[in-house]
Protein chains: 4
Amino acid sequence: MAKEDKRIDILRAASRVFYLRGFEGTKIDDIAKEAGIGKGTVYEYYHSKQELFDKAVSYNREQYIEQVKATLSQDGTLRDKFIAFAKYQTELVKTHIPIFNMMCTSKIIAREMGALMLEQNIRVAEILTGLVKKAVDQGELREDINPEMAAAVMIGTINQYSSKKVIFFDAQPEDIDYEQMADIIFKGIG
Amino acid sequence: MAKEDKRIDILRAASRVFYLRGFEGTKIDDIAKEAGIGKGTVYEYYHSKQELFDKAVSYNREQYIEQVKATLSQDGTLRDKFIAFAKYQTELVKTHIPIFNMMCTSKIIAREMGALMLEQNIRVAEILTGLVKKAVDQGELREDINPEMAAAVMIGTINQYSSKKVIFFDAQPEDIDYEQMADIIFKGIG
Amino acid sequence: MAKEDKRIDILRAASRVFYLRGFEGTKIDDIAKEAGIGKGTVYEYYHSKQELFDKAVSYNREQYIEQVKATLSQDGTLRDKFIAFAKYQTELVKTHIPIFNMMCTSKIIAREMGALMLEQNIRVAEILTGLVKKAVDQGELREDINPEMAAAVMIGTINQYSSKKVIFFDAQPEDIDYEQMADIIFKGIG
Amino acid sequence: MAKEDKRIDILRAASRVFYLRGFEGTKIDDIAKEAGIGKGTVYEYYHSKQELFDKAVSYNREQYIEQVKATLSQDGTLRDKFIAFAKYQTELVKTHIPIFNMMCTSKIIAREMGALMLEQNIRVAEILTGLVKKAVDQGELREDINPEMAAAVMIGTINQYSSKKVIFFDAQPEDIDYEQMADIIFKGIG
DNA sequence: TATGAATGAGACTTCATTCAT
DNA sequence: TATGAATGAAGTCTCATTCAT
């Protein structure tokens, strides 16, 4: 228990620091201090910096995917689900899970992390693609659309507009007009 | 002349290596070898690794923005421009300019690079937003749309669908169905 | 009682591990595991790794010297004693007491261990030298020999031939022809 | 040239320090200081401490074997050769080549070094054994001796008596009575 | 008394930067 | 101007020792 709790404590501390400074920019000592423990103690729980990083990525990814699934499995139309997902994704970026940035800050991204990032993005896209197909079947969307592309429009728009507003302009998640975002995606800009 | 040429040579060599290995993962010696010169020579042209990195980022950003401007200033409807931009962006990712990845591989991303990335993305978004406004004025788009958001839909969709297909699934830029992408954005998915 | 037994247990466990891995290559945890106890417990009996090492060396040395004395105090001619000693020394190397190797595996050999090694070797040499003198008196050996050198011939030959055969060629102690060895030493090679 | 000279300089400096303190007890910084260079420079010439150690052992071993061969190939009887070899071996221990001690001071002795030590000792023993055989053929030695064992008597006696006198009692190599040593070996102690 | 989690000093190694040639 | 050998600061990881339980 206490042992496992501490493992998680260290993982979360590591996540915070990796998030802020990236893999290379993070010193084990930083993580130890963030967790309020000694440097050597980190190594009692994780064998290497790399392992700690990988575990932190996995941990946050799991958390993320679970939340996405929960968000998208709520009742309602695809429009409702989209708005819920957009809100969640925006909150996420603002507040807590550092997964996106963590993936962008390691020198090894070009090798191992590419697959991880892909997998996660693919899984979310797949879930959304499935929902799009169902919505087509139920007549909520027009029949001639490419579901995969439709899912890309949704995810892409959120990442481009919503997340960036929050990250770069310090906007609050509640300031985003999700209804308008849904309108423009569902009705088109033309 | 020759001096200035060599500066650019080094800059381009640095861009290639930074792109592949990130800031921390790149050794000055790697850059020197890539440029076919000695390690000390790099320091005759740039005072530090950090300066070289910054200059490489700026250089690639300039090139990128210039190309985007050229692409979007061609004659035609917004739809035409969108397709041209999507093609360019996709080619870009596939072939050469390492700007996106460079931004993801430095330990300083959270601090200085955030602003750079923002600025570039903002500039492209601004250009597109301007074109959207013009298209609204010319009746090509409906009047009630938020131009900024419309631009985000376009950029976001390209990044999510097109770039990912190319990056992660090794698709060729010419395999992407840009017409379909334009349709879904202009007509909406609803 | 039990306390003193445990001290010896730890000492023997330490001897085995030091023997295999040397001073620096041995972790306190290895010794604890070999002794079937916890790491902290080792420190209840010995104040430091260095003390434990020193005590282990002393312990094995005592045991060794006692055995050598017993072997050499048996009845018989010097030739008999030599053969008995050669057998014992060969068995020793093969089976159990790690004293020689322990002495070769510490970083402190050049300083403190030199004296220890010397002392032990000297004591054996002295005992043998004494026996040689007695044998001279009893007419078993010729009168003009240097007893110290004669002892060196005996010890040196055993170490060079017998021990090496066993250590490096995995010969069995009983495969050695001790009679032939005695012959060559007593009669000379000339 | 200068580069190769420096490689050797470092190797010799490393040999001296390894000799005094053993593998584990030697810090790269010690070697650098002994060589009068910076710590990083050592790594310009050798990739790791282990490589440097291995190279130092090999280097000293080569030097040693060459010298032994030269010593034993001089004209004269076996007795003459023995005396020359004993002198050389004694000088060696006193003055310069740290091979024996180096081999005794690493934690890896039990694994890799065993073979090296064996090989060297075997080679010397083989050379001597060959000379013994030749001496038997020429009637210098009696016919019924075991040449391998005779060689062991010679090497063992030198190591036990001569080297120890020098190492532990600080005797000078010229103080040793090599004639007496030859007598006792050739005529026997009996 | 016995334990093992926690600790931090210290070692190896890397690499940006300097500078003599 | 061009070079690459030299350097040492700094980071990762190990492990002897301590101490609360």
Side-chain angles (χ1 to χ4, degrees), chain A residues 2-3 6-7 10 23-33 35-53, chain B residues 2-3 6 10 23-33 35-53 107, chain C residues 2-3 6 10 23-33 35-53 107, chain D residues 2-3 6-7 10 23-33 35-53:
Chain A
K3 190 101 195 248
K6 196 160 219 172
R7 272 185 74 83
I10 294 173
F23 181 79
E24 312 283 350
T26 295
K27 284 170 276 182
I28 293 293
D29 213 26
D30 296 337
I31 294 172
K33 283 198 179 85
I37 58 176
K39 187 172 35 159
T41 308
V42 174
Y43 285 91
E44 292 286 321
Y45 292 84
Y46 299 93
H47 296 97
S48 69
K49 184 184 181 183
Q50 188 65 59
E51 184 197 341
L52 184 49
F53 182 76
Chain B
K3 179 118 195 205
K6 200 162 206 173
I10 295 173
F23 181 79
E24 309 283 349
T26 295
K27 286 174 271 186
I28 293 293
D29 209 29
D30 295 337
I31 294 172
K33 282 199 180 82
I37 58 176
K39 187 166 38 160
T41 308
V42 174
Y43 282 88
E44 294 292 324
Y45 292 84
Y46 298 93
H47 296 97
S48 70
K49 185 184 180 183
Q50 189 64 59
E51 185 200 340
L52 183 50
F53 181 76
K107 71 172 175 182
Chain C
K3 179 121 195 203
K6 200 163 208 173
I10 295 172
F23 182 79
E24 309 282 349
T26 295
K27 286 174 271 186
I28 293 294
D29 209 30
D30 295 337
I31 294 172
K33 281 198 179 84
I37 58 174
K39 187 166 39 160
T41 308
V42 173
Y43 282 87
E44 295 292 323
Y45 291 84
Y46 298 92
H47 296 97
S48 69
K49 185 184 180 183
Q50 189 65 57
E51 185 199 342
L52 183 50
F53 181 77
K107 71 172 174 181
Chain D
K3 190 102 197 246
K6 196 160 221 173
R7 272 186 73 83
I10 295 173
F23 181 80
E24 313 283 348
T26 296
K27 284 171 274 182
I28 293 294
D29 213 26
D30 296 337
I31 295 173
K33 282 197 179 88
I37 58 177
K39 189 170 33 161
T41 307
V42 174
Y43 285 90
E44 292 287 321
Y45 292 84
Y46 299 93
H47 296 97
S48 69
K49 185 184 179 182
Q50 188 65 57
E51 184 197 341
L52 183 50
F53 181 76

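These numbers come from the heavy atoms of this one structure, side chains and all, not from hydrogens, waters or symmetry mates. Residue numbers start from 1 in every chain, and the chains themselves are labelled A, B, ... in the order their sequence lines are given, proteins ahead of strands.
If Gly36(C) and Thr26(B) are placed on DNA chain E by their nearest nucleotide, the residue sitting closer to the 5' end is Gly36(C).
Contact record, Lys39(D) with Ile28(D): CG-CG2, 3.9 Å, taken as the closest heavy-atom pair. Of all non-hydrogen atoms in Ile37(B) and Lys6(B), the two that sit nearest each other are CG2-CE, 3.9 Å. Taking both residues in full, the closest heavy atoms of Glu24(D) and Glu24(C) are given as CB-CG, 2.9 Å, listed atom of the first, atom of the second, then distance.
Within residues 37-49 of chain C, the residues approaching DNA chain F are Lys39(C), Tyr43(C), Ser48(C), Lys49(C), by heavy-atom distance under 4.0 Å.
Remark: Lys27(A) engages no residue in a salt bridge (Lys or Arg N to Asp or Glu O under 4.0 Å) (not counting sequence neighbours).
Stem analysis of DNA chain E (at least three stacked-register Watson-Crick or G-U pairs, each with both distances under 3.5 Å) gives E:2-21 with F:2-21.
Between Ile10(B) atom CD1 and dT3(F) atom P there is a gap of 9 Å when expressed in whole angstrom units. To the nearest angstrom, P of dT21(E) lies 17 Å from NZ of Lys3(D). As rounded to whole Å, 12 Å separates atom C1' of dA11(E) from atom CD1 of Ile31(D). Rounding to whole angstrom units, CG of residue Leu52(C) and C1' of dA16(F) are separated by 12 Å. Between Lys33(A) atom NZ and dT7(E) atom P the separation is 12 Å, expressed in whole Å. Distance CG (Asp29(D)) to C1' (dA11(E)): 10 Å, rounded to an integer number of Å. Atoms CD (Glu51(A)) and C1' (dT12(F)) sit 14 Å apart, rounded to a whole Å.
At dA5(F), none of the side-chain N or O atoms of Lys6(D) fall inside 4.0 Å of OP1 or OP2 (strictly under the cut-off).
Distances from the side chain of Ile28(A) to the nucleotides dT12(F), dA2(E), dA2(F) place dT12(F) closest.
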Identify each donor-acceptor pair in which a side-chain atom of residues 41-48 of chain C lies under 3.5 Å from a protein atom, sequence neighbours left out, and give them as a table.
from, atom 1, to, atom 2, distance (Å)
Tyr46(C), OH, Arg7(C), O, 2.9
His47(C), ND1, Glu51(C), OE1, 3.0
Ser48(C), OG, Gln50(C), N, 3.4
Ser48(C), OG, Glu51(C), N, 3.1

